[in-house]
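Numbers for residues simply follow the sequence, beginning at 1. Counting convention: from 1, in listed order, for ligands and their atoms alike. The shown structure was predicted, so the numbers you read here are calculated from the model rather than taken from an experiment.
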Amino acid sequence: MVTAGSAPLSAPSAEPATKAARLRALLASPKLEFLMEAHNGLSAKIVEESGFEGIWASGLSISAALGVRDNNEASWTQVLEVLEFMADATTVPILVDGDTGWGNFNNMRRAVRKLCQRGIGGICIEDKLFPKTNSFIGDGQPLADIDEFCGKIKAGKDSQADDDFVVIARVEALISGWGLDEALRRADAYHAAGADGILIHSKQKAADEILAFVAEWGRRSPVVIVPTTYFETPTDAFREAGISLAIWANHNLRAAITAMRDVCRQVYREESLLGVEDGIVGVRDVFDLTGNEELADAERRYLPARDEARAVVVAATRGDQLGALTEDRPKCMIDIRGQPLLRRLVATLRESGVRDVTVVRGYKKDMINLPSIRTADNDLYAATGEAASLACAKDHIRDACVIAYGDILFRRFILDELIAADDDIVLAVDAHWQERPFDPEGGYRDFAACSRPFTRDLLDDEPAFLARLGDDVPKNQVNGEWIGLARLSARGSETVRSELEAMLADGSLARASLPQLFTRLVERGHTVRAVYVTGQWLDVDVAADLVKADKFL
Ligand code: SPV
Ligand code: MG
């Protein structure tokens, strides 16, 4: 007799190596575990991102997403192609809905070999006839001959390249109206043929027949269920019954249909995007989901270095005013809609072609660990100011170089304007500084006095130059607020570097702020250009700023 399963169904002690081993561990786990449906690379990523430890590659959903019926209209190699995208996009295991094994025992052998090659954790096959029909359509669908189906299970188990690959046998006897005894007879045969688990399916609104099956089956092998129709049954009932795996089988597909219909109908009706924009993710989320940051990082490693701007981001401080939020991380690593603030800042820099980003760390420096940045450390951050932090990265202040505070977000066009300005040292100054509510808790504000005020005249392109920058500029002289962003040409970088050295020599470096550095440059006769902007940026000082940052994205 063939014993059930090709590897023992015990939970391994260390993190299992392959996806198949991880799926096997889920099946063997003494707890009720869950698989969530996905039907393409993107939905698979979202399933993993949500915390699920495994994915159900639903035949119904994959077919529907391809625009065809769940009747084997998509060929098995077309399904395989979708599975490959799903597996590549995720690290959690996938259990594939293999319908009837896409043919006879021979098709099953080939399918299992291919699934193993593509890093799929397991396959579930159902005891119906090829071409299949979805189980929820019609009544009394014919079932496969038991011996023929057992041969298919054996063929699959004999073909797996990974010992941990899982073959689940799905029993359709209850759905086809053959009753509990036939379901148990079939489950027994499939178990003996080597199936690693039994999926007992039902289309009733209540879970009675499922629970009756499990009560009789005991723990002969792990049991898998698909509570699509009996969704009102509390999940604890499955847990108490000792069920191994529950599959939420088609809910991402159905959610996507609802969301796509809503947005299509609204845009069609309103002939505008205005009404839908707030209710859908931004394109930035799409870039994040598909891993654009990794590509940018790889470009830095593999593409020849181009003559592009670099950036130094000063992010050494804690951000005390944010209280508990910065207990375990510096404020630049605070979460803004699912991503650290710094990651969003770095993404904006990259969009403007700035790929070489050095971040000066201080407080909780190990938390600043994005893959796409270089780091420099100011270990004396508690006793020193921003200029000292900047000096910690002075080797990176060369060529064209952007200097930014680590707690700001700004629209990309602001940086593009700084890059386009034809001066050696250029600062972005917000002419609408008075519209930013004055918050006495909001900390230091970098007020700028300039050679001329901002005018709304679009034809007025006479440049403005910085006269003085700091918290202490008399209010009647303030023309704007520095947003914490500056751009240096190669010559400007040299100027800043040598000024930092001069400050170190005369003892003023340790305590100086960046506004004091720029004011000092002006006092020494260097030209510092002020490019006026009107809002479209923010900094994060207090908790209320986080709400604004959420909206800003
Ligand atoms: C699927 O998700 O394709 C399934 C589950 O096989 S069911 O639709 O319930 O048959
Ligand atoms: Mg199916």
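- Between Asp97 and ligand 1, at least one pair of N/O atoms sits closer than 3.5 Å.
- Looking from atom 8 (O) of ligand 1 to the surrounding protein, the closest heavy atom is Asn134 ND2, 3.2 Å.
- Side chains of Glu172 and Ser176: no donor on one and acceptor on the other come within 3.5 Å.
- The nearest protein atom to atom 2 (O) of ligand 1, hydrogens excluded, is given as Ser58 OG, 2.7 Å; this is a heavy-atom distance.
- In this structure, Arg301 places its CZ atom where more than 12 heavy-atom neighbours from other residues, nucleotides or ligands lie under 6.0 Å away.
- Heavy-atom separations between His201 and ligand 1 include at least one value shorter than 4.0 Å.
- For ligand 1, the polar-atom distance check against Trp56 finds a nitrogen or oxygen pair separated by under 3.5 Å.
- With respect to Lys331, the side chain to side chain donor-acceptor pair (under 3.5 Å) criterion is satisfied by exactly one of Asp541, Asp539, Thr326: Asp541.
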Can you list the steps and then say if Asp97 with Trp56 is a side-chain contact (heavy atoms from CB on, under 4.5 Å)?
CA-CA 7 Å; Asp97 175 1; Trp56 168 245; 3.4 Å; yes

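- Atom numbering of ligand 1 starts at 1 in the shown order; those under 4.0 Å from a heavy atom of Gly59 are 1 (C), 3 (O).
- Considering each of Glu126, Glu37, Arg170, the one bringing a non-hydrogen atom nearest atom 10 (O) of ligand 1 is Arg170.
- Within the 4.0 Å heavy-atom shell around ligand 1 one does not find Lys203.
- Asp196 and Arg24 are joined by a salt bridge, as a carboxylate oxygen and a charged side-chain nitrogen come within less than 4.0 angstrom of each other.
- For a distance threshold of 2.8 Å, the protein N, O or S atoms nearer than that to the Mg ion (ligand 2), listed by chain and number, are Asp97 OD2.
- A donor-acceptor pair is defined here as one N or O able to donate and one able to accept, closer than 3.5 Å; no such pair exists between the side chain of Asn250 and the backbone of Ser61.
- Checked by distance only, ligand 1 and Phe136 stay at 3.5 Å or farther apart across all their nitrogen or oxygen atoms.
- Between the side chains of Thr100 and Glu126, no donor N or O sits under 3.5 Å from an acceptor N or O.
- In this structure, Asn250 has no heavy atom closer than 4.0 Å to ligand 1.
- Residues His201 and Phe136 place their aromatic rings such that the two centres sit under 6.0 Å apart.
- Aromatic rings from Phe34 and Trp248 are positioned such that their centres are separated by under 6.0 Å.
- Of the possible polar contacts, none joining the Thr77 side chain to the Leu80 backbone as a donor-acceptor pair under 3.5 Å is found.
- When only modelled atom types and interatomic distance are considered, Asp127 and Tyr190 share a side-chain donor-acceptor pair under 3.5 Å.
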